[in-house]
Structures are given as C-alpha cells and as structure tokens.
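Okay, structure first, notes after.
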Amino acid sequence: MADEKFKDEEAVDPKTLDEQAEEMGDATWGEVFRTCCVHSPQEWGMIFIGIVAVLFFLYFFLVGLDLLGNSAKVIGGCTAGALFGDQTNPVAGLMIGILATVLIQSSSSSTSIIVSLVGADSITVKAGIFMVMGANIGTSVTNTIVAMGHLGDGDELERAFAGATVHDMFNFLSVGILFPLEIISHYLYYLSLACVGGGDDTREGEGSKWTGPLKKIVGPLTKTIIVPNKSVPKDIAKGKTCDGYYPVNCTDGILDAKHCKKVGLITCDKKAGCPAFFQDGATRRQDEISGAVCFVLGLGILIICLIGLVTCLQKMLMGMSTRVIYKATNINGYLAILVGAGITIFVQSSSITTSALTPFVGMGALRLEQMFPLTLGANIGTTVTGLLASLVSDGTNALQVALCHLFFNISGIIIWYPVPFMRRIPLGLAVSLGKTTRVWRGFPIIYILMIFGIIPLLLLGLSSLFTQDSKGFTVLGSLLVVFIILVIIYIVYKWKRGGLKESIIEGFEARERKNQSIKALPDDMDYVKSEIVRLRDHTGLPEPIPEADKVEEDSA
C-alpha cells in the first residue's frame, strides 16, 4: 500500500500544471477580470481577511529573512573579513566571493565590502572582479534554503526547488563562460576602465548611503533583536584582528550607542539603541553564540511564515483555474526583468526578491519561465548597492569594480536569455534538479552543502597551493588537478555509459520507498486490523484467546 502511494506521488510531473493549461487553451482577460473582481459581499469580506493574513505572514517572512541575514553577518563576520583580506589568484578570488557571501547571506553586503576594499587599495580591481563573480553565485543559497520549506509536499518541493535553482544555474553558466573569458581577455576590466575615463584616481568620494524603504519597514523590529557590526569584515580585511574588538565595553555600564564605543560583532543602533542580544563585556564567543541563536530563530520564523503564507494563498486561489492564474502572471519577459530589477532596488537585496517569489513557484501560481526573468532582473538590481557604495570612495577603482558587477550580469543575460535555445539550458537544468527531489527529498540539503560549502572550500584549498612560491606545492597542486580531472572524466563516463546514474537513482528510490513505507506503516496496520475484524465478522470465527488466558487455562 505504501509502495502504491509512493508510485502515485512519483508519477506527478513538474510540468503537469503547464500541460493542463496548454490543453485547455489560454484564458481571456475577461475571465481574469471576472475571477479577480466579480464577487459577492461575503466573498469580498473573505478576500479582505485573506489579504490581511498574507500581508501579516509576508511581513514576518521578511523579518525572518532580515534576521537570518543579520545573524549570518554576526556568525561569519570575522571569517568573511579574513577571506576578503587575501590577495589571491582568480580561482581563489571566485571561491572567496562564494564562501564570504554564503557566510554573510547577502551579495549586496559582500559586493559593498569588495568595492570598499578596492577603493581603499586593499585588493586590486582585477581581484575584485573575480570576487564579485563569486558573490553572484553565493547569494542564491538563501532562496534555495527557502525552497526547503516545502519538504512536506512533493509537488511543491519540486516546483520550488526548480524555481530556486534556476538562479543558481544562470549564475554557474554565466561564470562558466565569463570567468575564463575574463582571465584571457580582461574584457570586463577594460570595458569598465573605459567607462570611468581610464582611471582618474583623483576623484573625491561624494554621495551618501541610501537605505531602502523595506529596511525602514522591517528594520525597526529586527534592530531590537540583533544589529551586526558591518565594519568588522571591512576592518579585518584591511589587517585588523577580530580579537581587537573584545571585550565589549560600555562607559559606566550604560547601554546605548553613545556610551558603547568598543563593540564587537554585535553593535548598538543610534536610534533603536542596543538590541536584546547585545551584552556589555561580551567576548567573541558569546557574540557568535548569540548570532547562532538568532539564526535559528530567524530560520524558525521563516519556515512558519512560509507555511502560513503558502496556506493562505492556496486557500485564496482554491477553485481558480490554472489558465486564469497563468494568464494573470504572464507578462513579457523583458518587462519581468525590469520588474525584478525594480523590486530588488526597492528592497536592496536580490536574496529577498528571489526568496519571496520562490513560494509562489512552489504553489504553482508562478511558472518557472516567469521566475527566470524576474531572477535576472534581481541580479541587475543588486548591483545598485555596490554602485552606491562606490560613490563614497575616493578614486575610480571602486566604481570600476561596481560597474564590472553590472556588466557581468548584463553579459550573462545577453548570453542566456534572448535566444530561446540558450534560455532552455538553465531552465532545463533547474527542472532536472527539481525532478531529483522526487527521487530523494533530502537532495536539497546535500546540494546546498556541496555547491555552497564543500566544493568551494576544496577549490580554494587547491588553488592556494599555486600561491605558496614553492615548486613542491606547485607540483603537488598540478598532480591534484590532473587527478581531479581524471576522476571527473571517469565519473562522467560511468554516469553516461557505466550505469552509475541508474544505480544511484535506484538506491535513492529504494531509500525513499523505505521512508514512505515506514511513514505509512501505522495506517497500513490499522487497515489490516480493520480487514481482519471484517473478515471475522463475515466468517463467524471466534475472537482469539489472549496469551495470558491460555496460560491460566493450561495451569488449571
């Protein structure tokens, strides 16, 4: 019985909703208008309640995301700063960008740090270019984590994971082409250099920091919980040590921004005061523990609000035709890119934009084909933060790196979006990854750990062997590179020709069937018991004698 349930679930295809809509034909705008706007007074009342509930869960979903990002900055602030401080080769720069952005959960923050470091001549423009490429990849970890909130439903998980990883696929494919192109030709470097007038280092920093409207809405609440000290990664990257910030000291024990001059990873806000997790006399370990607690708290808020948001939207869309939903969300792709860019500039975070849209893909209200251009727009919008950061730096180096980030994303869009054939490559890869969750629901966890953790760390370690000015390390690194290439070739061959793919899928399917069987065992046992009772009633068989009664009869 459990096997049948699993087979029924496995038979669902991620394109089922799309195929149903195509078979029924496109809806008209008249149908969309009637579905949207023609309701009875009672229905309007329920719609109003639904909208209020959606806004409630959406607000706290964004609070959870902000709390998650702030906590990550506290946990990984010192490590990220140390990573940025290394003057590295291109591969190491790319991996540092990925790892640092994963640690602080924000490409906007990491690119701003990179831009500031370039402006301060701590790292070169060419090194900064490869770091912002890595930051582009690292930022997509957040919406991939959000997709895991749909683990309880196989259909939603498949669509949500595909919607989240289409961002990953675009970034990986863009880096796969533009990274070697930049190493060979330095086209981003020279293009940005031409835009800044050939490098006028006498330009004085002007302009000011801009705070997005969303930060003003969500910030007041999250600032009462935890406020990360954003200067820590920048200062450490310039040579300062993390231990130099500790112990935290507030004059006369008064907890406010004026009296607490020596602060660590957690700081006080000038307007909101000191947050709940700020502690006078705190050590680095205590601050990092506080960050970890807030990270778990933010993740909990995120998951609860995600479930509430999806439930409310499903109830509001219940009974609505798939044709109507798709017609209402079907806008021109290039307009969707502009919309994605506009939203991201507004919220100042591509992670928030893509993470907020992922649940809509999971529940089927937004197609993967529509999510893709919105994601591309988010990549464009997130470059604005770096551009703003460059305006307050002296010289043109910082502005040059910020422009490289913008040109990198524009180049990726030109390669992967306008031509339908090229567009289908990232979409197809995302759909394949979504289907993999059907084979094993634990796949997203392994994916996140491997793509955003283990592989970048291994490549960072490997690339460091070539920067030690030692022939021994260089030879060792070369041998390891050859060995890894041979292993990859062997795995690809076994995957395509040697049956590795089939054996792995069979193993995951067997594991999933076992899990489903264990999950369904109580229901199956109740069903068997009810059938035995029904059979006994039908045949007139006597009730079985309990073992204890049998023992008493034998002794008598």
Side-chain angles (χ1 to χ4, degrees), residues 50-70 72 101 105-109 138-150 156-157 159-168 170-171 212-219 221-222 298-314 316-317 325 328-329 331 335-382 384-385 430 444:
I51 291 172
V52 171
V54 166
L55 291 175
F56 172 82
F57 284 116
L58 182 60
Y59 175 77
F60 282 99
F61 177 83
L62 296 173
V63 167
L65 273 177
D66 196 35
L67 188 58
L68 204 69
N70 288 345
T101 306
Q105 290 277 294
S106 172
S107 65
S108 297
S109 296
T139 189
S140 55
V141 68
T142 309
N143 59 318
T144 310
I145 292 172
V146 169
M148 290 173 58
H150 297 270
E156 289 185 9
L157 176 63
R159 291 192 293 264
F161 193 63
T165 54
V166 74
H167 192 189
D168 304 356
F170 168 76
N171 288 331
L214 190 68
K215 284 286 184 183
K216 293 180 180 179
I217 297 171
V218 175
L221 181 56
T222 55
L299 196 60
I301 293 172
L302 197 72
I303 293 172
I304 292 169
C305 291
L306 177 63
I307 294 169
L309 185 64
V310 170
T311 302
C312 290
L313 288 170
Q314 284 178 335
M316 291 179 71
L317 297 175
I325 295 173
T329 57
I331 61 174
L335 178 59
I337 291 174
L338 294 176
V339 170
I343 293 172
T344 306
I345 292 170
F346 180 81
V347 302
Q348 277 198 296
S349 173
S350 60
S351 298
I352 290 178
T353 303
T354 53
S355 298
L357 292 172
T358 297
F360 290 91
V361 181
M363 61 182 290
L366 189 66
R367 283 179 292 184
L368 185 63
E369 292 79 6
Q370 288 300 119
M371 177 66 170
F372 185 40
L374 289 168
T375 294
L376 301 183
N379 271 13
I380 296 291
T382 196
V384 171
T385 308

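Any value given below was found using the heavy atoms of this structure, including those in side chains, with hydrogens, waters and symmetry copies removed.
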Checklist entry - Who pairs with A378 by side-chain contact (heavy atoms from CB on, under 4.5 Å), at least two apart in sequence or on another chain? => result T344, S350, T353, T354
Item to check | Partner residues of Y59 under the side-chain contact (heavy atoms from CB on, under 4.5 Å) criterion, sequence neighbours left out | outcome: V63, I217, V218, L221
Next on the checklist: Quick check: do L357 and I343 have side-chain heavy atoms less than 4.5 Å from each other?
Outcome noted: no
Item to check | Sub-4.5 Å side-chain heavy-atom contact between L299 and I145 | outcome: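 The answer is yes, as the side chains (C-beta and beyond) meet within the 4.5 Å cut-off.
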Atom of [X], atom of [Y] and distance for their closest heavy-atom approach:
X    : Y    : value
A147 : A164 : CB-CB, 4.0 Å
M148 : P444 : CG-CB, 3.8 Å
I301 : F60  : CG2-O, 3.3 Å
L374 : A336 : CD2-O, 3.3 Å
A430 : L368 : CB-CD2, 4.4 Å

Checklist entry - Testing N379, T358, T375, T139 for side-chain hydrogen bond (donor to acceptor under 3.5 Å, both in side chains) with H167, which one passes? => result N379
Item to check | By ring-ring contact (aromatic ring centres under 6.0 Å, His included) - contacts of F57 (at least two apart) | outcome: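 Applying ring-ring contact (aromatic ring centres under 6.0 Å, His included) to F57 gives none.
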Next on the checklist: Using 0.5 Å steps for rounding, measure from the OG1 atom of T222 to the CG atom of N70.
Outcome noted: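 Nearest 0.5 Å value for the OG1-CG distance: 5.5 Å.
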Checklist entry - Between atom CD1 of I337 and atom CZ of F372, what is the distance when rounded to the nearest 0.5 Å? => result 8.0 Å
